[in-house]
**Student:** 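One structure coming up, written as structure tokens, with questions to follow.
Naming: A, B, ... by sequence-line order, numbering from 1 per chain. Quantities reported herein were computed from a predicted structural model and do not represent experimental measurements.
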Amino acid sequence: RWRKWQIRARIQSSIDRNLAQAMNELERIGNLLGLPKSVKDEAALIYRKAVEKGLVRGRSIESVVAASIYASCRRIKIARTLDEIAQFTKANRKEVARCYRLLLRELNVEVPVSDPKDYVTRIGSLLGLSGAVMKLAAETLEKAKNTGLTAGKDPAGLAAAAIYIAALLNDERRTQKEIAQVAGVTEVTVRNRYKELIQELKIEIQNQ
Amino acid sequence: MERSVPNVEYDPDQFPGLIFRLETPKVTSLIFKSGKMVVTGAKSTEELIKSVKRIIKTLKKYGIKITGKPKIQIQNIVASANMHVHVNLDKAAFLLENNMYEPEQFPGLIFRMDDPRVVLLIFSSGKMVITGAKREEEVYKAVKKIFDKLNELDCIKQVEEEEELEI
DNA sequence: GCTTTAAAAAGTAAATT
DNA sequence: AATTTACTTTGAAAAGC
């Protein structure tokens, strides 16, 4: 009787201690990423579920927190790449990705397939582009999706190319290099997606 | 053995098995001190059996004593197939149950099939990779099953035929 | 869990030319 | 800008940490 209570208390206190540390980490990483409270709250909820299921055992708290943040961003549709999140942890992208997959499998966390349009807002605002450009980029991506052009491709690269095209057409030109940098992809990827989009969607680009 | 047999890699600090490659058939084997070994790279069961015989013959030639006949078990078959259609992965990810589709990390949709128990990597091109099978027929069954399923879920564009290839 | 091996798929990346 | 090489994902076994 007494012993059982003792064990339960010990387990509860270990969960509490873990949670306290995790919440600090969550707050730290979340602020570094400039995430809204809603995302941090959702991530906290996911993390709590993970601890209660014992998924953090044998893994670093930091990695699981990062994975929870990524899952939360995806659910709330706040575009952040795994690399962006992992850069603020000691773990690498691969480890965070592994934890993320674990969360998807073991918890009932439903995450929608990422939409390139979510990246448009982020890339566009980081570059200070107008709403018209972002709207046009989103429309381009919608057409691309309906044509089956987007399957299997990195949404960040697709969004980057759509932004590049939309900015060109709206006289708000940004270089592929600038866009690639904020999108977290290489110039080569932006160029490849760009060529594909203008060719398949028959978009006319006048020189300059 | 690492000294008596040529073309061998052995670094017990790195891995307990000794790595031995055959040029024909082109396979690689991991040989352990327990006498067990892993052979990878064989394209068919026949090629696998031939490889095991040749590995044993080669080892004997260099003075390694081997008694009895080998017990061969196929642990994993990796195959690729082409459905010759375009697959709507977004739709498939939404409609299939045990799947994972994360295009920022990998272009293929990962589908875990219960029966036969295999994992399929499905690409928008209609090509795919089937792995985890222990028998060849499981591969064919899985391909047929996923093709029919994608078809009835209307995730396929421009249908033609269905063919296959094994590693 | 990790270590090593092989092969395919398609996308992305980095280093050379 | 084109090539080449290399990494991402999946599966399974081996013996040992």
**Student:** Closer than 4.0 angstrom, basic N to acidic O: yes or no for E9(B) and R21(B)?
**Tutor:** yes
**Student:** Can you tell me the distance, in whole Å, between the CE atom of M37(B) and the C1' atom of dA15(D)?
**Tutor:**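 Going from CE in M37(B) over to C1' in dA15(D) covers 16 Å.
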**Student:** Which residues within residues 97-116 of chain A lie with some heavy atom under 4.0 Å of an atom in DNA chain C?
**Tutor:** R98(A)
**Student:** Ignoring hydrogens and geometry, is there a side-chain-to-backbone donor-acceptor pair from S72(A) to S68(A) under 3.5 Å?
**Tutor:** no
**Student:** Could you check whether L121(B) gets within reach of a base, just the sugar-phosphate, or nothing at all, counting any heavy atom under 4.0 Å?
**Tutor:** base
**Student:** Can you tell me how far C1' of dT10(D) sits from CE of M113(B), to the nearest Å?
**Tutor:** 14 Å
**Student:** Verify the contact: side-chain N or O of Q14(B) to OP1 or OP2 of dT4(C), cut-off strictly under 4.0 Å; return yes or no.
**Tutor:** yes
**Student:** With the side chain counted from C-beta on, respond yes when T150(A) and D90(B) share a heavy-atom pair under 4.5 Å apart, and no when they do not.
**Tutor:**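 T150(A) vs D90(B): side chains touch.
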**Student:** Can you tell me the distance, in whole Å, between the NZ atom of K94(A) and the P atom of dC7(D)?
**Tutor:** 10 Å
**Student:** Roughly how many Å is it from CD1 in I122(B) to C1' in dG11(C), rounded to a whole number?
**Tutor:** 17 Å
**Student:** Give me the distance, rounded to whole Å, that separates dT4(C) from dA6(D) when you measure between the P atoms they each carry.
**Tutor:**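 Taking atom P in both dT4(C) and dA6(D), they lie 16 Å apart.
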**Student:** Got a sec, which residues hit side-chain hydrogen bond (donor to acceptor under 3.5 Å, both in side chains) with K77(A), two or more places apart in sequence or on another chain?
**Tutor:**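 side-chain hydrogen bond (donor to acceptor under 3.5 Å, both in side chains) check on K77(A) returns D118(A).
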**Student:** In plain terms, say whether E196(A) and R193(A) are close enough for a salt bridge, that is, a side-chain N and a carboxylate O under 4.0 Å apart.
**Tutor:**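 Here E196(A) pairs with R193(A) in a salt bridge, since their nearest N and O are under 4.0 Å apart.
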**Student:** Hey, does the side chain of S29(B) reach the backbone of I31(B) with a donor-acceptor pair shorter than 3.5 angstrom?
**Tutor:** no
**Student:** Check the side chains of E200(A) and T147(A) for a donor-acceptor pair under 3.5 angstrom, ignoring hydrogens and angles.
**Tutor:** no
**Student:** Hey, are K134(B) and E138(B) close enough for a salt bridge, meaning a charged N less than 4.0 Å from a carboxylate O?
**Tutor:**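 Not counted as a salt bridge, because no side-chain N and carboxylate O are separated by less than 4.0 Å.
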**Student:** Can you tell me how far C1' of dA15(D) sits from CG of D11(B), to the nearest Å?
**Tutor:**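 Those two atoms, CG and C1', are 14 Å apart.
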**Student:** CG of L109(B) versus C1' of dA8(C): gap in Å, rounded?
**Tutor:**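 Roughly 17 Å, once rounded to whole Å.
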**Student:** Which residues in residues 27-36 of chain B have at least one heavy atom lying under 4.0 Å from any atom of DNA chain C?
**Tutor:** T28(B), L30(B)
**Student:** Please give the distance between the P atoms of dT9(D) and dA13(C) as a whole number of Å.
**Tutor:**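 Result for the P pair: 15 Å, nearest Å.
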**Student:** Looking only at the aromatic ring of each residue, does the gap between the centers of Y10(B) and F20(B) stay below 6.0 angstrom?
**Tutor:**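 No - the distance between ring centres of F20(B) and Y10(B) does not fall below the 6.0 Å cut-off.
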**Student:** Heavy atoms within less than 4.0 Å of DNA chain C: which residues of residues 180-201 of chain A have one? Give them sorted by number.
**Tutor:**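 Going residue by residue through residues 180-201 of chain A, the ones with a heavy atom under 4.0 Å of DNA chain C turn out to be G184(A), V185(A), T186(A), T189(A), R193(A).
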**Student:** So, E47(B) versus S44(B): side-chain donor-acceptor pair below 3.5 Å or not?
**Tutor:**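 The answer is no; no qualifying pair exists.
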**Student:** Assign each of M128(B) and R21(B) to its nearest nucleotide of DNA chain C by heavy atoms, then name whichever residue's nucleotide is nearer the 5' end.
**Tutor:**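 Counting from the 5' end, the first nearest nucleotide belongs to R21(B).
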**Student:** How far does the P atom of dT8(D) sit from the matching atom of dC2(C), given to the nearest Å?
**Tutor:**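 Comparing P positions in dT8(D) and dC2(C) gives a spacing of 13 Å.
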**Student:** Please test R54(B) against T24(B) for side-chain contact (heavy atoms from CB on, under 4.5 Å), starting from the C-alpha separation and ending with a verdict.
**Tutor:** CA-CA 9 Å; R54(B) 194 158 291 175; T24(B) 45; 3.8 Å; yes
**Student:** Return one dot-bracket line describing DNA chain D 5' to 3' (Watson-Crick or G-U wobble pairs, both distances under 3.5 Å; ( ) same strand, [ ] crossing, | another strand, . none).
**Tutor:** ||||||||.|..|||||
**Student:** Going through the checks in order, is the side-chain contact (heavy atoms from CB on, under 4.5 Å) test met by L121(B) and M128(B)?
**Tutor:** CA-CA 5 Å; L121(B) 310 181; M128(B) 56 193 192; 5.8 Å; no
**Student:** Please report the C-alpha distance between L103(A) and Y47(A) in whole Å, then the side-chain angles of each, then the deciding distance to 0.1 Å, and finally whether the side-chain contact (heavy atoms from CB on, under 4.5 Å) criterion is met.
**Tutor:** CA-CA 9 Å; L103(A) 296 181; Y47(A) 186 87; over 6 Å; no
**Student:** Using the P atom on both, measure dT3(C) against dC7(D) and round to a whole Å.
**Tutor:**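 That atom pair is separated by 13 Å.
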**Student:** Taking the side chain of T131(B) as heavy atoms from C-beta outward, which of dA10(C), dG11(D), dT5(C) is closest to it?
**Tutor:** dG11(D)
**Student:** Say you pick atom P in dA8(C) and the same atom in dA2(D); how far apart are they, in whole Å?
**Tutor:**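 26 Å, rounded to whole Å.
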**Student:** Under 4.0 Å, counting only non-hydrogen atoms across every strand here, what does S125(B) touch: a base, just sugar-phosphate, or nothing?
**Tutor:**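 Sugar-phosphate, no base atom in range.
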**Student:** Can you identify which nucleotide, out of dT10(D), dA9(C), dA15(D), has its nearest atom closest to the R112(B) side chain?
**Tutor:**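 Within the option list, the nearest is dT10(D).
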**Student:** Using a heavy-atom cut-off of under 4.0 Å over every strand shown, decide if V119(B) touches base, sugar-phosphate, or nothing.
**Tutor:** sugar-phosphate
**Student:** Take atom CZ of F106(B) and atom P of dG11(C), then tell me their distance rounded to the nearest Å.
**Tutor:** 10 Å
**Student:** Quick one: ring-ring contact (aromatic ring centres under 6.0 Å, His included) pairs with a partner in residues 86-134 of chain A, sequence neighbours left out?
**Tutor:**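 Residue pairs passing ring-ring contact (aromatic ring centres under 6.0 Å, His included), neighbours aside: Y70(A)-Y100(A).
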**Student:** Check the distance between dA14(D)'s P and N76(B)'s CG and give it to me in whole angstrom.
**Tutor:** 13 Å
**Student:** Taking the nucleotide of DNA chain C with the nearest heavy atom to each, does F15(B) or G157(A) sit closer to the 5' end?
**Tutor:** F15(B)
**Student:** Less than 4.0 angstrom from a charged side-chain N to a carboxylate O is my criterion; do K135(A) and E139(A) meet it?
**Tutor:**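 Yes.
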**Student:** Any base atoms under 4.0 Å from G152(A), or only sugar-phosphate, or nothing? Heavy atoms, all strands.
**Tutor:**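 Result for G152(A) = sugar-phosphate.
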